[in-house]
Amino acid sequence: MEEYPTGFRFYPTEEELISFYLHNQLHGLQQDKIHRVIPVLHIFDTEPWNLPQLAGELCREDREQWFFFAPMQEREARGGRPSRSMTTGYWKATGSPGYIYSSDNKVIGMKKSMVFYVGKAPKGRKTQWKLNEYRAIELSPTNPNSSSSNISITKLKRELTLCRVYVVSGTSRAFDRRPLEAVVGETTIQGGGCAASSGGIGGGSGDISSSGIVAADVGSSNQWETASLEEPTWDWDQLDWL
């Protein structure tokens with residue numbers, strides 16, 4: 001990695017997050033360079049709105065997404081369940097874990113999504129803070145005693161995860177980096193019906209304070225709460241193929 005010019009943004013694909021950044025971190029390679037964009041942090045000890053200022057030095061000015069390596073917790077290393085709660089709220093898993101594929105269509109990792117809730121479970125208030133947790137998959141050598149020569153054992157590497165933290169923008173153009181006027185112009189051409197919904201992009205990924213990234217009073221109603229139906233929750237331990 002070199003010094004980047006003004007306007008640099010760290011915008012990796014999920015394949016790059018796992019195959020390059022997470023694998024290099026797991027093997028202790030290129031640490032000094034990688035930590036400039038993805039530092040190591042016990043992420044579940046810190047409220048999400050405090051995480052942007054703890055991001056890597058090259059990504060600290062980003063206003064849409066931030067990345068961290070999260071070490072395994074001590075209680076998890078002893079065989080317990082990891083803690084996702086803190087003083088002001090908790091992270092709750094949403095949806096089901098999904099596979100991450102390489103460009104040649106091989107499974108290289110798993111992704112689990114979480115949403116942050118303010119308050120005590122199970123009556124917390126859902127916020128717009130979201131987290132994608134990535135784990136690498138280790139393929140062990142083919143079992144020589146197996147009747148099939150193509151069988152290999154998949155195993156999640158649990159000692160470290162890579163986390164992408166971001167604020168839900170409320171639009172389908174999450175992480176869109178074009179100027180707002182360009183997006184408005186595009187939707188105007190496509191049809192007036194889309195222009196109104198696209199107008200919210202500036203509020204979703206623009207000024208930090210308007211995105212709800214810094215919260216002055218977590219006990220009060222605020223702009224990063226959302227009203228939506230609860231989604232089914234899953235846990236890594238529920239994957240019976242591991």
Side-chain angles (χ1 to χ4, degrees), residues 1-46 48 50-79 82-84 91 93 95 97-114 129-142 152-167 174-175 177 235-237 239 241-242:
M1 297 181 187
E2 302 174 354
E3 293 295 333
Y4 292 96
T6 300
F8 164 78
R9 294 293 183 272
F10 184 55
Y11 197 52
T13 64
E14 292 186 320
E15 178 183 3
E16 291 167 339
L17 286 175
I18 292 178
S19 62
F20 180 79
Y21 291 98
L22 184 51
H23 274 285
N24 276 319
Q25 179 66 23
L26 285 166
H27 292 92
L29 303 174
Q30 304 189 49
Q31 304 272 294
D32 293 341
K33 296 179 179 179
I34 288 178
H35 290 172
R36 297 187 68 193
V37 287
I38 309 180
V40 178
L41 182 71
H42 290 281
I43 189 173
F44 298 109
D45 293 339
T46 306
N50 292 326
L51 291 174
Q53 59 188 321
L54 301 176
E57 60 182 280
L58 294 180
C59 298
R60 211 158 290 161
E61 300 303 317
D62 201 322
R63 295 172 178 172
E64 294 176 336
Q65 56 179 345
W66 306 270
F67 299 85
F68 303 91
F69 291 118
M72 177 186 290
Q73 298 176 355
E74 290 186 11
R75 61 187 297 174
E76 189 177 4
R78 295 194 299 266
S83 173
R84 300 289 187 257
W91 289 99
Y99 294 106
I100 301 299
Y101 293 87
S102 64
S103 53
D104 55 357
N105 207 35
K106 294 180 180 178
V107 176
I108 58 174
M110 294 287 294
K111 177 176 73 173
K112 174 181 176 182
S113 295
M114 305 181 203
W129 286 96
K130 195 166 184 179
L131 182 153
N132 291 340
E133 184 180 62
Y134 299 92
R135 293 183 189 264
I137 284 181
E138 180 180 35
L139 294 177
S140 64
T142 302
S152 60
I153 302 174
T154 58
K155 179 182 178 182
L156 280 176
K157 296 184 72 64
R158 296 177 177 271
E159 59 266 37
L160 191 77
T161 63
L162 194 161
C163 299
R164 180 205 302 261
V165 178
Y166 59 100
V167 179
F175 312 132
R177 302 185 179 279
D235 194 274
W236 293 115
D237 297 332
L239 298 176
W241 56 272
L242 297 177

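Counting from 1, the numbers follow the sequence of the chain as shown. What you see is a predicted model, and the numbers here were worked out from it, not measured in a lab.
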Nearest atoms (heavy-atom pairs only) where G109 meets I18: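 Here G109 and I18 meet closest at CA-CD1, 3.8 Å.
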
Once you round to the nearest 0.5 Å, how far does [atom1] of [X] lie from [atom2] of [Y]?
X: Q53; Y: W66; atom1: CD; atom2: CH2; result: 11.0 Å
X: L17; Y: I38; atom1: CG; atom2: CD1; result: 6.0 Å
X: C163; Y: L22; atom1: SG; atom2: CG; result: 10.0 Å
X: L29; Y: I34; atom1: CG; atom2: CD1; result: 7.5 Å
X: I43; Y: T161; atom1: CD1; atom2: OG1; result: 7.5 Å

query: Can Y166 and R63 be said to form a side chain to side chain contact (heavy atoms under 4.5 Å, CB included), step by step?
result: CA-CA 9 Å; Y166 59 100; R63 295 172 178 172; over 6 Å; no

- prompt: Distance only, no hydrogens: is a donor on one side chain within 3.5 Å (strictly under) of an acceptor on the other, for Q25 and H35?
  reply: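 The criterion, which ignores hydrogens and geometry beyond distance, is satisfied for H35 and Q25.
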
Is any side-chain heavy atom of [X] less than 4.5 Å from a side-chain heavy atom of [Y]?
X: R84; Y: Q73; result: yes
X: M110; Y: I137; result: yes
X: L131; Y: R164; result: no
X: Y101; Y: V107; result: yes
X: P71; Y: V40; result: yes
X: I108; Y: Y99; result: no
X: F44; Y: S83; result: no

- request: State whether the number of non-hydrogen atoms from other residues, nucleotides or ligands found under 6.0 Å of E74 atom CD is greater than 12.
  value: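 No, CD of E74 has 12 or fewer neighbouring heavy atoms, counting only those of other groups under 6.0 Å.
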
field: More than 12 heavy atoms from other groups under 6.0 Å of CG on D32
entry: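 Incorrect, the count does not exceed 12.
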
Test side chain to side chain contact (heavy atoms under 4.5 Å, CB included) applied to Q30 and F20, step by step: CA-CA 10 Å; Q30 304 189 49; F20 180 79; 4.0 Å; yes

query: So, Y21 versus Y134, ring centres under 6.0 angstrom or not?
result: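 Y21 vs Y134: aromatic centres not under 6.0 Å.
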
Taking [Y]'s backbone N and O only, do any of them form a donor-acceptor pair with [X]'s side chain (distance below 3.5 Å, no angle check)?
X: N50; Y: T46; value: no
X: E15; Y: S103; value: yes
X: R60; Y: A55; value: yes
X: H23; Y: S19; value: no

field: Chi angles and distances behind the side chain to side chain contact (heavy atoms under 4.5 Å, CB included) call for L41, F69
entry: CA-CA 6 Å; L41 182 71; F69 291 118; over 6 Å; no

query: Using 30° and 60° as the class limits, which term best fits the ring planes of F67 and F10: parallel, tilted or perpendicular?
result: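 Correct class here is perpendicular.
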
query: Under the salt bridge (Lys or Arg N to Asp or Glu O under 4.0 Å) test, which residues partner E159, sequence neighbours left out?
result: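 Once residues adjacent in sequence are excluded, the partners of E159 under the salt bridge (Lys or Arg N to Asp or Glu O under 4.0 Å) criterion are K157.
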
query: Are any of the side-chain nitrogens in K111 or E133 under 4.0 Å away from the carboxylate oxygens of its partner?
result: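 Salt bridge flag = no for E133 with K111.
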
